[in-house]
Amino acid sequence: MYDCIVIGGGVVGGTILRELAKYKLHTIMLEKQSDVCMGQSRANSGIVHAGYDALCGTNKAKFNVAGNKMMKEYCAELGVKYRNNGSLVVAFSDEEKSALKELKSRGEKNGVDGLKVIGIKELKKMEPNISEKAVGALFAPTGGIVCPYELTIAAIGNAMDNGAELLTDFDVVRIEKRGETFDIFSKDGREVKGKMLINCAGLGGGKIAALAGDDSVRVMPRKGEYILLDRESGNFVSHTLFFAPTKLGKGVLVSQTVDNNILVGPTAVECDGTDTTADGLKYIMEKSREMCPNLPLYNTITSFAGVRAFCDRHDFIIEESAKVGNLINCVGIESPGLTSAPAIAKYVAEEIICKRLLPEKNEKFNPVRKPDYFFKNLSAKDKNVLIKRNPSYGKIVCRCEQITEGEIIRAIKENPPARSVDAVKRRTRSGMGRCQGGFCQPQVAEILARELGVLFEDVTKSGIGSELVTEKIK
Amino acid sequence: MRNCDIVIIGGGPAGLAAAIAAYDNGVKNILILEREERTGGILNQCIHNGFGLTRFKESLSGPEYAARFIEEAKKRNIETLVGTTVLSLSKDKTITAINSTDGVFTVKAKAVVLAMGCRERSRGALNIAGTRPAGIYSAGTAQKYVNIKGYLLGKEVVILGSGDIGLIMARRMTLEGAKVHAVCEIMPYSSGLKRNIVQCLDDFGIPLYLNHTITRIDGDNRVSGVEISRVDENKKPIAGTQKYFHCDTVLFSVGLIPENELTKGADIPLSPRTRGAVVYQNRETLIGGIFACGNVLQVHDLVDFVSEEAEIAGRGAADYVLCGSGEKSPIDTTNGRNVSYVLPQKIDKNVAGDVKLFFRVSNTFRNCTVKAVSGEKTLATRKKKIAAPGEMETLTLGSNVVESVSEPITVLLEEEN
Ligand SMILES: Cc1cc2nc3c(=O)[nH]c(=O)nc-3n(C[C@H](O)[C@H](O)[C@H](O)COP(=O)(O)OP(=O)(O)OC[C@H]3O[C@@H](n4cnc5c(N)ncnc54)[C@H](O)[C@@H]3O)c2cc1C
């Protein structure tokens, strides 16, 4: 019997799991996919929003601003890349420029520090590659960038290191509430029991609530497509550049990423599926060229899509269900959900769970994961110490991103363990570079087979059904 | 830090031939750094025949061709570190590398030969719409799975791009029992060798769709099909021309890109046309003492030409170590009408000897003439029955011709009217 069951291994579930690990609670995370972080938290803009967008008084505004303030330290503890690069909302007409003032005063009401409307001169100095048509911008110095899957995986890993449990491939299809106990069943017949149920199922949030007996939550998909450029172009812009927001949302942005790629996107189309479309990609190219006409789109290394899960209330739902006691819904967490996650988690743990279960503190909780996570960032001296101890750190597997065999083995062994090529990729960046795994994929697959003790033909790209090869040649 | 006369980055056919040539020209203190566990480079996975026809007048497999050079390097006791990746190169020829036994270490060289080869352009670079399931490989990666690891990839295949590796893999997968439904090529001509079109596609009845591209990839966990479309003269898909193939595997053979990340790190100027370094006829880059050869310099169709070019670079590096660099008197070469690039981009008139110009034409031409001109003067000319982008062309300038040139040299192709 668990105290808390978290359904959904995204950034919201992950940060909650970690927060709960700070208490003497028996917790478990249930995730439908073969790995954590396969939903919204995998494919998004990775922006740590300042908090001027959300309407005053909403959950979005409250948690965004609070999350933004926590993010730097949160990432430092977990060894996750974060950079406070600052955001710019760029105006292309005087009308848009006056809208910036509105945005600024909204931001100030939300508690965002340092907002400033700047003129074209200053903007040009900050971003020399900006379009000649820009007239000014709102500068948000607290805006930042983070690697969303690193953050999610690290939060879950740290929670597990502190005692939390994880079951993957656990697709919740039935929930029974007997007295004070939730009895949860997976598609493949497994069963888990617990006292409190925390619904962080993203796009599946409506379904989970309904399975538990609350049919009031409606979650809908809105797809966003992206194009990613080579690190070679990584300094083309340094801030995150937004268009002035419209009713449809924040629109296409152009931003550096923490790994020094350039990311452009997303589109916003109300449909499901992580496939890209010719129209979507064309739209991103056109819009991003409006922002920066010389954007080196020829340096594209990949394109992808993510799906936002928004609900009809158009605000985050973070509350106990009115219909089902001890069911905590954390749904409709679209953007700025990544930014907000640490603050949402703290709120859920301290204000909801602790008040209900009155747990003792876990004195042994260690908030630190790995400060020196990426081998390539170490000094030559530190690299050599590591190689001496473990020679597999001397073997480069992914040449584009300079990832070593040692890091890949670690990703397979540590929490939450990687079991597929894509899972290794999200943890180590092996295969994320310009050759997109052309060289390293067979080698990563071989390391996976060896470390997991499975046949090479059973190694998958991303879970069952995505095997890389079919059979051995006789 | 250790010191070395010549460090060769990359132990593929280019690096091996450069090392041997440097050794035979009097420099014995040579170090080859190779990231794989054995030398031979990409030839190790090219188990088909057809290598060495020009050089050895016989048809060898890739590993057999490589073995001849590995053997020669061994005879000369040329030091080779395998499993060793070079992390960076600086202008002053200091190399930082890493392996499991020595850790991170630096080597200071008198001369460096860049021989890192190339990589394949990936699906990602093309912005093709659709999903990203398993079953999508670049052709070279597929070749590695099949030929080195010994596994089949799928049964129903569509290939995008008619580069040589794609053509070879079309045949290879067919021989292993797969059905290759189509090879699509966005250009009006194939970028592969004519002999590969005949031996790998025509002989097996595999259709080649010129002026076609893949416009969508479907499939959830595994590829389930692709949509292809005809393209117009601007390479934009034409609506209404879609065709659909159910398949479980898609291979991409859409171009090779010289791997010049180390080169860029050392601020060595590159040519936007070859995406390799700008070089003199001895394959010295614009940074004295750093040479380049093989596919890192320009993408070759035949390894025989790689070996030839690498020997030039190896000799150049040896000369540099033994004699230092002399005053240069450079003449530029450029591509003229119907030619997409010329290499070397610079000719040093102070260096004696014939100069062979390598170039590619920009389309398929019949009954034409290729020419090297300088100002009003025609320096060399050759009639061709057929010239195609997939086959590298050459023109040789005699040493007396080179001496007489005072204006930039342009290589062009004239069509017969
Ligand atoms: C295109 C896009 C751009 C965005 N940009 C930003 C941004 O720049 N900044 C920002 O702050 N936010 C951004 N966001 C929002 C942010 O990504 C989300 O708010 C956040 O990732 C939500 O996390 P989550 O954990 O709620 O959902 P998810 O990451 O979707 O996690 C839900 C998990 O639940 C699992 N699940 C579902 N059903 C079941 C079931 N039946 N049984 C078991 N498990 C189940 C899913 O598999 C999934 O892993 C963006 C979102 C998108 C899509």
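Quick note on labels: first sequence line is chain A, next is B, and so on, each numbered from 1. Small disclaimer: the values here were computed from a predicted structure and weren't measured.
- In this structure, chain A has a heavy atom under 4.5 Å from the side chain of B:Tyr137, while its backbone stays farther away.
- Within residues 280-287 of chain A, the residues having any heavy atom less than 4.5 Å from a heavy atom of chain B are, in residue-number order, A:Leu281, A:Met285.
- In this structure, chain A has heavy atoms under 4.5 Å from both the backbone and the side chain of B:Arg119.
- Between chain B and the residues A:Thr302, A:Thr404, A:Asn384, the largest count of heavy-atom pairs under 4.5 Å involves A:Asn384.
- Between the B:Glu120 side chain and the B:Ala139 main chain, a donor and an acceptor come within less than 3.5 Å of each other.
- The part of A:Glu232 that comes within reach of chain B is its side chain, from C-beta onward, which places non-hydrogen atoms under 4.5 angstrom from that chain.
- Between chain A and the residues B:Glu259, B:Arg35, B:Lys144, the most heavy-atom pairs under 4.5 angstrom are made by B:Arg35.
- Heavy atoms of A:Arg399 lying under 4.5 Å from chain B belong exclusively to its side chain.
- The part of A:Gln402 that comes within reach of chain B is its side chain, from C-beta onward, which places non-hydrogen atoms under 4.5 angstrom from that chain.
- Using a 4.5 Å cut-off between heavy atoms, B:Ile148 makes no contact with chain A at all.
- Counting heavy-atom pairs closer than 4.5 Å to chain B, the top-ranked of the candidates A:Ser466, A:Cys400, A:Ala380 is A:Ser466.
- Heavy-atom distances place the backbone of A:Tyr393, and not its side chain, under 4.5 Å from chain B.
- Between A:Lys376 and A:Lys383 the shortest heavy-atom distance is O-NZ, 3.6 Å.
- Heavy-atom pairs under 4.5 Å with chain A peak, among B:Gly103, B:Gly83, B:Gly135, at B:Gly103.
- Looking at B:Val223, there are no atoms closer than 4.5 Å to chain A (heavy atoms on both sides), in backbone or side chain.
- For A:Leu297, no part sits under 4.5 Å from any heavy atom of chain B, backbone or side chain.
- Side-chain contact between B:Val180 and B:Val157: present, with at least one pair of heavy atoms (C-beta onward) separated by less than 4.5 Å.
- Counting heavy-atom pairs under 4.5 Å between each of A:Glu457, A:Lys381, A:Glu467, A:Gln436 and chain B puts A:Glu457 at the top.
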